[in-house]
Chemist: 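This is the structure I want to talk about, given as C-alpha cells.
Order of the sequence lines fixes the chain letters, A, B, ..., with proteins taken first and strands second; residue numbering starts at 1 for each chain.
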2 protein chains.
Amino acid sequence: MREDTRSRIQEIALRRFTEQGYEATSLREIAEELGVTKAALYYHFKTKDDIVASLVEQRLSELEELLAWVRSRPKTARTRREFVERYAAGVRATRHHGIAHFLERNQTALRDHPTLIEIRERLMELASEFTEPGASATQRVSHSLALFALHSGKWLMNEDELSEEEIHQATVEVALRLLET
Amino acid sequence: MREDTRSRIQEIALRRFTEQGYEATSLREIAEELGVTKAALYYHFKTKDDIVASLVEQRLSELEELLAWVRSRPKTARTRREFVERYAAGVRATRHHGIAHFLERNQTALRDHPTLIEIRERLMELASEFTEPGASATQRVSHSLALFALHSGKWLMNEDELSEEEIHQATVEVALRLLET
DNA sequence: GTCTATACTCCGATAGAC
DNA sequence: GTCTATCGGAGTATAGAC
C-alpha cells in the first residue's frame with residue numbers, strides 16, 4: 001500500500017532540498033535514501049531540474065487560486081482576515097508548507113527558474129492587493145512584510161520558548177496588523 | 001593605486017556568492033574575473049570556505065559591537081530609534097550591506113558554518129533585547145520581524161515604484177513600529 | 001522499472017617550477 | 001605571487017541489458 005515511486009522521489013527531494021539546499025543535494029543521495037540507483041530516477045524525471053519543476057508548479061497554482069479568490073472579494077477587514085488565515089493555513093499544511101519553505105531557502109539557487117519568477121510575481125500582486133493606489137512607502141513596505149511574517153515563524157523564532165500553535169497565532173496577528181497599517 | 005589582491009578576491013566572491021549562491025560559484029569563475037588562475041587564489045586563502053570565513057567575521061564583530069552598545073543604554077524609546085537607525089545604516093553601508101545580503105541568501109548552504117551560527121545567536125539576542133520577560137508571543141514575533149524588516153527593502157520591494165531613500169525611511173519606520181508593539 | 005556500466009564535465013585542492 | 005599540470009572525487013546524464 002505504499003505510494004508510487006514518483007511521489008516518494010518528490011518527497012525525499014523536497015526534504016533534502018529544504019534542509020541542505022538544492023545544489024548541495026545530489027541525485028545519488030536521493031536514490032540512496034529511496035533504495036535505488038541514480039539511473040532509476042531518470043526513468044521518473046528527465047532531469048534534476050524536472051523534480052524541482054514538479055514541486056514548484058504545485059505552489060504556483062495554489063497562489064493563483066488564492067489571488068483569484070482575493071480578487072473576487074470586497075476589500076474589507078473581513079476579507080483581509082480570511083485571506084491571512086487562508087494563506088497561513090496553506091503555508092502550514094504539511095504538503096505545501098514544505099514547498100513554501102523550500103522556495104524561501106533556495107531563492108538564490110533557483111533565481112532564474114521560470115516558475116519561481118512567476119511565483120514571485122504572484123506574491124507581489126497578493127501583497128499589493130490590499131494597497132490603495134496612493135499608499136505611502138511605509139504602507140507598501142508593511143504590506144509586503146505581512147506575507148513574509150506568515151512564513152517567518154519557523155525560522156525567526158526559537159521553538160523552545162513558544163509552541164507551534166502559539167507561533168502560528170502570533171504570526172497571523174502580526175500579519176493582520178501590518179496589513180491594517 | 002589598486003587594492004591588494006586579497007581584497008579584490010573578497011569583493012568578487014561576495015558579489016558572486018550573493019548573486020548566484022555559494023555553491024553555484026566556483027573558484028574558477030572568481031579567478032577568471034580577477035584575471036588569474038584558480039591556483040593563485042590558494043596563495044591568498046587556504047580553502048573556499050576560508051573566503052567565506054573572512055567575510056562573515058566582519059559581520060559578526062559588527063553585530064557584537066551593536067549588541068554591546070544596546071546593552072550599555074537605558075531601554076528607552078530614544079535608544080530604540082537610535083538602534084534601528086544604526087542597524088539600518090550598517091545594513092546599508094556598501095561594505096556591510098553586501099555581507100548581510102549574502103548571509104540572508106545563503107542560510108541553507110552555510111547552515112553549519114560556526115560563525116554563521118554565532119551571527120544568528122547575536123541576532124536573536126538583539127531582537128529580544130527590547131522584549132520584556134513576560135512578553136506575549138505576538139510581541140516576540142513582532143520584535144524578531146523588526147530586524148528582518150530592515151533588510152527587506154532590497155528584495156521585497158519593487159524598486160521601480162519607490163526610490164532607495166524612500167524605501168530606507170519606510171523600513172526604519174516599520175521596524176520601529178514593530179519594536180514598539 | 002530498475003539495474004550496471006560508463007561518458008563526460010566540473011569541482012576543490014595540491015605539487016612544484018618560475 | 002602566479003603559473004602549469006594534475007589528482008581524486010563527485011556531479012548529471014545516457015546506453016543498453018534484464
Chemist: With sequence neighbours left out, write down each residue that passes ring-ring contact (aromatic ring centres under 6.0 Å, His included) with Y42(A), or none if nothing qualifies.
Modeler: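 Y42(A): no ring-ring contact (aromatic ring centres under 6.0 Å, His included) contacts found.
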Chemist: Heavy atoms only: give me the nearest L178(A)-L178(B) pair and the separation to one decimal.
Modeler: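 Of all heavy-atom pairs spanning L178(A) and L178(B), the closest is CD2-CD2, 4.2 Å.
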Chemist: If only side-chain N and O atoms of T5(B) are considered, is one of them under 4.0 Å from the OP1 or OP2 phosphate oxygen of dG1(D)?
Modeler: no
Chemist: Sequence neighbours excluded, which residues qualify as salt bridge (Lys or Arg N to Asp or Glu O under 4.0 Å) partners of R80(B)?
Modeler: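 Listed in chain order: nothing, the list is empty.
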Chemist: Any ring-ring contact (aromatic ring centres under 6.0 Å, His included) involving residues 69-91 of chain A? Give me the pairs, sequence neighbours left out, ordered by first then second residue.
Modeler: F83(A)-F130(A), Y87(A)-H151(A)
Chemist: Kindly write out the residues that satisfy ring-ring contact (aromatic ring centres under 6.0 Å, His included) with Y22(A), not counting sequence neighbours, or none if the list is empty.
Modeler: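 Result, ring-ring contact (aromatic ring centres under 6.0 Å, His included) vs Y22(A): F17(A).
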Chemist: Specify the separation, in whole Å, of atom CZ of F17(A) and atom C1' of dG11(D).
Modeler: 13 Å
Chemist: What is the separation between atom CD on E23(A) and atom P on dA10(D), rounded to the nearest whole Å?
Modeler: 18 Å
Chemist: Tell me, do S142(B) and L179(B) make a side-chain contact under 4.5 Å, heavy atoms counted?
Modeler: no
Chemist: Would you mind telling me which of E173(B), E165(B), E166(B) makes a side chain to side chain donor-acceptor pair (under 3.5 Å) with Q169(B)?
Modeler: E165(B)
Chemist: Rounded to the Å, how far apart are K48(A) NZ and dT14(D) P?
Modeler: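 K48(A) atom NZ is separated from dT14(D) atom P by 15 Å.
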Chemist: Expressed in angstrom and rounded to an integer, what is the separation of L34(B) atom CG from dG1(D) atom P?
Modeler: 13 Å
Chemist: At a heavy-atom distance below 4.0 Å, what parts of residues 39-46 of chain A sit against DNA chain C?
Modeler: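 Nucleic-acid contacts, sorted: A39(A), A40(A), Y43(A), H44(A).
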Chemist: Heavy-atom contacts under 4.0 Å between residues 24-33 of chain B and DNA chain C, which residues?
Modeler: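 Of all residues in residues 24-33 of chain B, the ones placing a heavy atom under 4.0 Å from DNA chain C are T25(B), S26(B), L27(B), R28(B).
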Chemist: Where do T131(A) and A127(A) come nearest, in terms of heavy atoms and distance?
Modeler: OG1-O, 3.5 Å
